[in-house]
Protein chains: 2
Amino acid sequence: MTIKDIANAVGVTPTTVSNVINGNYHKVSQKTIDKVQKVIQESGYVPNKNARALANNSSKIIGVIFPKTTEGFMQDPFHSQILTGIEKIVGAKKYDLMIKSIDNYEEIYELMRNWSVDGFIILSLIGYQLPQLEKFKNVPAVFIDTYYEELKYINIGSEDYQGEFKAANYLLEMGHESIGFISYHIDYPSVISMRLNGFKDAVESKGLPFDYSENVLEIVGFDPIGKECENKILDFVKNKTGICISADILAIEIMELLRSKGYSIPEDISIIGFDNVYLSRLVNPKLTTINQDIIAKGKIAAENLINMIEKNNKEKPNIKIPTNLIIRDSVKKINA
Amino acid sequence: MTIKDIANAVGVTPTTVSNVINGNYHKVSQKTIDKVQKVIQESGYVPNKNARALANNSSKIIGVIFPKTTEGFMQDPFHSQILTGIEKIVGAKKYDLMIKSIDNYEEIYELMRNWSVDGFIILSLIGYQLPQLEKFKNVPAVFIDTYYEELKYINIGSEDYQGEFKAANYLLEMGHESIGFISYHIDYPSVISMRLNGFKDAVESKGLPFDYSENVLEIVGFDPIGKECENKILDFVKNKTGICISADILAIEIMELLRSKGYSIPEDISIIGFDNVYLSRLVNPKLTTINQDIIAKGKIAAENLINMIEKNNKEKPNIKIPTNLIIRDSVKKINA
DNA sequence: CTGAAAGCGCTTACAG
DNA sequence: CTGAAAGCGCTTACAG
């Protein structure tokens, strides 16, 4: 079943059928429109989008790009939720979705040329590398969580700074005066460095001193916990009553470590996470954390991208979705 | 940059360039091959796959299909891991990946015709509905976790029966004599009903009685825990020392419930899960469970599908990946 | 070994 | 309002 078959069945030309399919109704009489639509219905015609893309140099395909990491990327619940949000909008807007993990940026360009992909959503890549890809310049693209001052593309992020500020501030308001921030490796600028800034400013806003070597612990290769890493954490925690941890997953690992060393939470030490992942309410104690609506983030990314594509929108806003404190059981109040 | 441009640059025709690109070397002189490849390299030529698909009626696109559920599907860590495995193989074999959530089966057919998709991996759909889709008959397709006796397609599952047998058997060997099985709604046949069979047979293999109403609790709408549901669980658990739960996520929810009601695990009651999800080792106590390599499952699905496509393999094997017991801390030994 | 030509299914100026 | 024709970038019998 092709446009030509429909044209023959109705007694018109492919041009006319095409015009009906594409909604160019002002070029076709109502009578013809009706006849064509009837045959399309009855025949179960399905358009060949390869042909369409070839003729249009546009596919209505959105590409989602993520880095090819050793242990698989989608495993991270964060990314699968992002993808859930993206898929919803992309489907609703009648686009198709391709996903691809890549080793280097040239592959984005390749995918774009392969299928005349109309736009990209780029997850967790390092922003400052992309602008080098000149060939990629005119493609609509949206980044997620990419902080890069010269970013030529829309970035969809979260209120990381504000969220961590709220987290630290909550600890402080609960009477904690000696608090710390633990994170995986910190890139600058990045989601994590923003969170660290929020932490720092909250501490200083209370007139307390902030000193990197005293208040911040950056750990590497922590999955699963290595011995020297354990000791660093135990050491860091010793003189503190509350800890902000840059991600729930890490917070949960650390809670597990502390528990195994005889700490009880929050009696001995208070913990606050970030992300509000599914399991954060299932651990014991239930984790106090900062919530962000990650599915919404994926949706917003897709909506913005499709707007850029369809409205030829040239604006490059920097969007941040809100973050808010979720109080559960891992922080205790300290009486002054 | 098209094939034609390359042909002009080298001084041959598009036919020849096409033959080089497609590896039909026996049709081209080595000298020409070299010249063409050199220009392809230098020009950064990227093939237009829409044109290729149009000419070939084959796209080298694999479609991954999953149901459009209210709350988003990929959120389930199970599915995102499957997708991780699929994406790895699909990429390695130089295919492209489209993903789509659907409401009804016609959409699979539509996607297939739209892009000349070469094959599908179908997640969590209800098998017995698909064979109705006559149009879909000749498309290579692989199901995941679909039990349907008349299945006309390959199914990639796990040793669900054997896994749950091992789980129940472990409880029994640890001295538990009164044990139960808790699950969400059970379809027949399904992954869960297989697990239930394994449980039942393990119990009976020890000469112990199995009675559905006594040994099985099927719960509905358990997220988050409703009041009447709580009571059912507490009631069910009362006269038992060990519980097999059909999924880690549910096991973790139930552990949380029991803990809140004053139970201590495993002292008061032993729990064993299924899946070995990431968080199962992060809860307290660490969850004893049945492991299955879900990423491998995705890989196997993709490998089988691509084999069907490329080798025109008509076999429809029923593959089951192994399951094995992971002993952690949520089961205690009962002294006889 | 090489090339001319038709075809895949669509779109889009352009003419009438 | 309708249609004839060229074109999108490939592939593939077929002829030489």
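Just so we're on the same page: letters track the sequence lines, and every chain starts at 1. Only a predicted model underlies this, so the values are computations on that prediction, with no experimental measurement involved.
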Between B/N114 and B/E110, do the side chains contain a donor N or O and an acceptor N or O under 3.5 Å apart?
no
Sorted by number, residues from residues 15-33 of chain B placing a heavy atom under 4.0 Å from DNA chain D are B/T15, B/S18, B/N22
If the condition is salt bridge (charged side-chain N to carboxylate O under 4.0 Å, His left out), which residues does A/D160 pass it with, not counting sequence neighbours?
A/R195
Do B/Q30 and B/D34 pair up side chain to side chain, a donor and an acceptor below 3.5 Å, judged on atom types alone?
yes
Using the test side chain to side chain donor-acceptor pair (under 3.5 Å), find all partners of A/S59 that sit at least two apart in sequence or belong to another chain.
none
Could you list the residues that satisfy side chain to side chain contact (heavy atoms under 4.5 Å, CB included) with A/A55, not counting sequence neighbours?
none
Non-neighbouring partners of B/K93 that pass salt bridge (charged side-chain N to carboxylate O under 4.0 Å, His left out), sequence neighbours left out:
none
Ion pair present between B/K297 and B/D145, side-chain N to carboxylate O less than 4.0 angstrom?
yes
Exercise answer: donor-acceptor pairs, residues 40-47 of chain B side-chain atoms, under 3.5 Å, sequence neighbours excluded:
unit_1	atom_1	unit_2	atom_2	d
B/S43	OG	B/V39	O	2.8
B/S43	OG	B/I40	O	3.3
B/S43	OG	B/Y45	N	3.4

Could you run through DNA chain C and flag its stems, i.e. three or more consecutive Watson-Crick or G-U pairs with both distances under 3.5 Å?
C:1-3 with D:14-16, C:5-12 with D:5-12, C:14-16 with D:1-3
Going 5' to 3' along DNA chain D, which nucleotides are the first and last within contact of chain A (any atom under 4.0 Å from a heavy atom)?
D/dC1 to D/dG9
At a heavy-atom distance below 4.0 Å, what parts of residues 50-59 of chain A sit against DNA chain D?
A/L54, A/A55
Closest approach of B/N57 to B/S116 (non-hydrogen atoms, all atoms of both residues):
OD1-OG, 3.4 Å
Results of salt bridge (charged side-chain N to carboxylate O under 4.0 Å, His left out) for B/D96 - residues two or more places apart only:
B/K49
Check side chain to side chain contact (heavy atoms under 4.5 Å, CB included) between A/K35 and all other residues, then give those that pass, not counting sequence neighbours.
A/V10
Tell me which pairs pass salt bridge (charged side-chain N to carboxylate O under 4.0 Å, His left out) where either residue lies in residues 1-27 of chain A, with sequence neighbours left out.
none
